[in-house]
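All of these numbers come straight from a predicted model, not from anything done at the bench. Below, all heavy atoms of this structure are taken into account, side chains as well, without hydrogens, waters or symmetry copies. Every number for a ligand or one of its atoms is a count from 1 in the order of the listing.
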Amino acid sequence: MNVLITGGAGFIGSHLCDALLAAGHHVVCVDNCLTGSRDNVAHLQDHSRFRLVHHDVIEPYAGLGTADVEAIFHLASPASPVGYRTYSIETMLVNSIGTIHMLRLAAERGARFLLTSTSEVYGDPQVHPQTEEYWGNVNPIGLRSCYDEAKRFAEAATFEWIRKHDVDARVVRIFNTYGPRNQLDDGRVVPNFITQALRGEPITIYGDGGQTRSFAYVSDLVDGLQRVMFGDGLQGEVFNLGNPGEFTILEFAKLVLEVTGSRSSLEYRPLLFSDDPARRRPDITKVKARLGWEPRVPLREGLAPTVAWYREQLGR
Ligand code: NAD
Ligand code: UDP
């Protein structure tokens, strides 16, 4: 298939480019490198079925690779709390106007469309674990709302293009994902803790460390994205994609110390941003039943190649 990926030079997008090329697809990666990097796809630059186009999807796109585009993965958006606070307006624009541009393109070309939404649409959830039916608990004017509400708008827009233009679109809500190419300085807990442990610096725990997250390895996630995009009869379906293993941030810090062999101390700090979700864990019953998808890589196993990548980056 001819596939367009927005945000393809980012962490998840670059792994998706790799997987789609390995499966024989033609890939056009559209990215403005706001939070991603050309380095993530540098190894693909001479690949005959790959093109990188520098473009901001807030602007309409009718460039390279759109004439016969058959599938659009729309990933473009800052994703880390530090990233979307730094680029709050850009985050709202890419998820609103950028999403509409991509939906229009999908409608014009009759292409499939997949929106990468987020577990953040559940906000600080009052239902645990989170099912796709849950509507969420989001502060519309809080520090996270530039991301949460923008993604909720993107979901709403996707469903209007399904209803009004019959776009063959689906939505995935991604839970915390980790792995190589998640930028060292993007502020998320996995790059922070691993780089702090490897440098022998204190591990910065925000709050009391009792808040929980569930961590999916990037290869599992990319497998899920492809199943949702290429599965038939999935128009208008929403799927959680994440690993249901749930850890407190303190447990995660201790695991990182163990896996890296680091003797860093633990340093407690105030929460960086308000409305930090207290508990988060995906209910993946639906995606397992419909698509046979479930994560295969346990956290400890996925941390090994991840730590190796950060070690290499720090050694440069
Ligand atoms: P990332 O920041 O590494 O990748 C996002 C990419 O989008 C970057 O390459 C960035 O340069 C690009 N981008 C941003 N604005 C753009 C614009 N206006 N035009 C073109 N490109 C633009 O983040 P990621 O972790 O790979 O996340 C990818 C997608 O998955 C995002 O939509 C994010 O919201 C979603 N998601 C990720 C996670 C996670 O744990 N990584 C969790 C939930 C949802
Ligand atoms: N966190 C932390 N120390 C850090 C970075 C993050 O304790 O150096 C916490 C953060 O407060 C949150 C959790 O780890 O409770 C996950 O944060 P992240 O930024 O990775 O993503 P989120 O799930 O909040 O979007």
Side-chain angles (χ1 to χ4, degrees), residues 5-16 29-38 40-41 52-59 61 73-85 87 90-95 97-99 101-102 114-121 124 144 147-148 150-151 154 172-179 181-183 186-196 202-216 218 221-222 225 240-242 247-250 252-253 256 266-280 282:
I5 307 179
T6 73
F11 159 48
I12 297 175
S14 63
H15 288 279
L16 182 60
C29 162
V30 177
D31 203 301
N32 67 351
C33 295
L34 183 68
T35 53
S37 167
R38 281 174 183 271
N40 287 336
V41 288
L52 172 62
V53 180
H54 190 93
H55 176 76
D56 185 334
V57 301
I58 292 168
E59 304 298 331
Y61 180 70
F73 287 90
H74 181 42
L75 278 72
S77 170
S80 80
V82 169
Y84 62 69
R85 282 308 314 148
Y87 300 112
E90 290 85 345
T91 301
M92 291 192 291
L93 291 174
V94 71
N95 282 297
I97 296 170
T99 300
H101 286 320
M102 287 301 135
L114 183 148
L115 172 71
T116 54
S117 185
T118 169
S119 55
E120 290 270 331
V121 299
D124 188 4
R144 291 175 175 257
Y147 182 66
D148 302 6
K151 286 287 185 183
V172 296
R173 296 185 182 141
I174 301 174
F175 286 64
N176 297 61
T177 301
Y178 70 98
R181 301 187 200 147
N182 189 355
Q183 298 300 298
D186 94 352
R188 280 181 268 194
V189 68
V190 177
N192 272 14
F193 283 8
I194 295 178
T195 55
Q196 289 162 348
I203 307 288
T204 54
I205 296 182
Y206 303 154
D208 64 7
Q211 68 272 41
T212 68
R213 292 294 186 273
S214 304
F215 300 99
V218 66
L221 206 280
V222 163
L225 291 176
N240 285 337
L241 286 182
F247 298 82
T248 67
I249 293 304
L250 182 58
F252 180 63
V256 169
L266 301 179
E267 185 177 294
Y268 289 86
R269 292 189 185 176
L271 287 174
L272 202 55
F273 303 118
S274 50
D275 306 325
D276 196 313
R279 296 185 75 188
R280 183 184 288 160

Next on the checklist: Pairing donors with acceptors under 3.5 angstrom, does anything connect the side chains of Gln183 and Thr35?
Outcome noted: no
Next on the checklist: With respect to Tyr84, determine whether any N or O atom, backbone or side chain, lies less than 3.5 Å from an N or O atom of ligand 2.
Outcome noted: no
For [atom], what's the nearest protein heavy atom and its distance?
atom	value
atom 13 (C) of ligand 2	Ile249 CD1, 3.7 Å
atom 20 (O) of ligand 2	Val189 N, 2.8 Å
atom 3 (N) of ligand 2	Thr204 O, 2.6 Å
atom 25 (O) of ligand 2	Glu120 OE2, 3.1 Å

What's the separation between atom [atom1] in [X] and atom [atom2] in [Y], rounded to the nearest 0.5 Å?
X	Y	atom1	atom2	value
Leu225	Leu16	CG	CG	6.0 Å
Ile205	Tyr268	CD1	OH	4.5 Å
Arg188	Tyr178	CZ	OH	14.0 Å
Arg279	Arg213	CZ	CZ	12.0 Å
Ser14	Asp31	OG	CG	9.5 Å

Return yes when [X] approaches ligand 2 closer than 4.0 angstrom through a heavy atom, no otherwise.
X	result
Pro81	yes
Phe193	yes
Leu272	no
Gly187	yes
Gln196	no

Checklist entry - Below 4.0 angstrom, N of the basic side chain to O of the carboxylate: do Glu120 and Arg144 qualify? => result yes
Pairs under 3.5 Å, nitrogen or oxygen of ligand 1 with protein nitrogen or oxygen:
| from | atom 1 | to | atom 2 | distance (Å) |
| --- | --- | --- | --- | --- |
| ligand 1 | 2 (O) | Thr35 | OG1 | 2.7 |
| ligand 1 | 3 (O) | Phe11 | N | 2.8 |
| ligand 1 | 7 (O) | Ser77 | N | 3.4 |
| ligand 1 | 9 (O) | Gly10 | N | 3.1 |
| ligand 1 | 9 (O) | Asp31 | OD1 | 3.2 |
| ligand 1 | 9 (O) | Asp31 | OD2 | 2.6 |
| ligand 1 | 9 (O) | Gly36 | N | 3.3 |
| ligand 1 | 11 (O) | Asp31 | OD1 | 2.7 |
| ligand 1 | 11 (O) | Cys33 | N | 3.4 |
| ligand 1 | 11 (O) | Leu34 | N | 2.8 |
| ligand 1 | 11 (O) | Thr35 | N | 3.1 |
| ligand 1 | 11 (O) | Gly36 | N | 3.0 |
| ligand 1 | 13 (N) | Asn32 | OD1 | 3.4 |
| ligand 1 | 18 (N) | Asp56 | OD1 | 2.8 |
| ligand 1 | 19 (N) | Val57 | N | 3.0 |
| ligand 1 | 21 (N) | Asn32 | N | 3.3 |
| ligand 1 | 21 (N) | Asn32 | OD1 | 3.2 |
| ligand 1 | 25 (O) | Arg188 | NH1 | 3.2 |
| ligand 1 | 25 (O) | Arg188 | NH2 | 3.1 |
| ligand 1 | 26 (O) | Phe11 | N | 3.4 |
| ligand 1 | 26 (O) | Ile12 | N | 2.8 |
| ligand 1 | 32 (O) | Leu75 | O | 2.7 |
| ligand 1 | 32 (O) | Thr116 | OG1 | 3.2 |
| ligand 1 | 32 (O) | Lys151 | NZ | 2.8 |
| ligand 1 | 34 (O) | Tyr147 | OH | 2.6 |
| ligand 1 | 34 (O) | Lys151 | NZ | 3.1 |
| ligand 1 | 40 (O) | Thr177 | N | 2.8 |
| ligand 1 | 41 (N) | Arg188 | NH1 | 2.8 |

Which atoms of ligand 2 have any heavy atom of [X] under 4.0 Å away?
X	value
Asn192	4 (C), 5 (C), 8 (O)
Asp276	10 (C), 11 (O), 12 (C), 15 (O)
Ile205	7 (O)
Asn176	21 (O), 22 (P), 23 (O)

Checklist entry - Run the side-chain contact (heavy atoms from CB on, under 4.5 Å) check on Leu272 and Val82 step by step: do they pass? => result CA-CA 9 Å; Leu272 202 55; Val82 169; 3.9 Å; yes
Next on the checklist: Classify the ring geometry of Tyr147 against Tyr84: parallel below 30°, tilted from 30° to 60°, perpendicular beyond 60°.
Outcome noted: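 Because their plane-to-plane angle is under 30°, the rings of Tyr147 and Tyr84 count as parallel.
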Item to check | Parallel, tilted or perpendicular: ring planes of His55 versus Tyr61, cut at 30 and 60 degrees | outcome: tilted
Checklist entry - What's the verdict on side-chain contact (heavy atoms from CB on, under 4.5 Å) for Val94 and Glu90, showing C-alpha distance, side-chain angles and the deciding distance? => result CA-CA 6 Å; Val94 71; Glu90 290 85 345; 6.0 Å; no
Item to check | Polar side-chain atom of Ser80 near backbone of Asp186 as donor-acceptor pair, under 3.5 Å | outcome: yes
Item to check | side chain to side chain donor-acceptor pair (under 3.5 Å) partner of His74, the single match among Thr116, Asn95, Thr6 | outcome: Thr6
Item to check | Proximity of Arg188 to ligand 2 by residue part, where a heavy atom lies under 4.0 Å | outcome: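 Both backbone and side chain.
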Next on the checklist: Using a 4.0 Å heavy-atom cut-off, which part of Val190 comes near ligand 2: side chain, backbone, both, or neither?
Outcome noted: neither
Checklist entry - Of the listed options (Arg213, Glu267, Gln211, Arg144), which comes nearest to atom 23 (O) of ligand 2 when hydrogens are ignored and any heavy atom counts? => result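 Answer by nearest heavy atom: Arg213.
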Item to check | Shortest heavy-atom approach to atom 7 (O) of ligand 2 - which of Tyr147, Phe273, Tyr178, Tyr206 | outcome: Tyr206
Checklist entry - Considering only heavy atoms from C-beta outward, does the side chain of Leu266 approach that of Leu250 to under 4.5 Å? => result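 A side-chain contact exists here, since the closest heavy-atom pair is under 4.5 Å.
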Next on the checklist: Please find the pair of heavy atoms, one from Phe11 and one from Thr177, that lie closest to each other, and give the distance.
Outcome noted: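 Nearest heavy atoms, Phe11 then Thr177: CE2-O, 3.6 Å.
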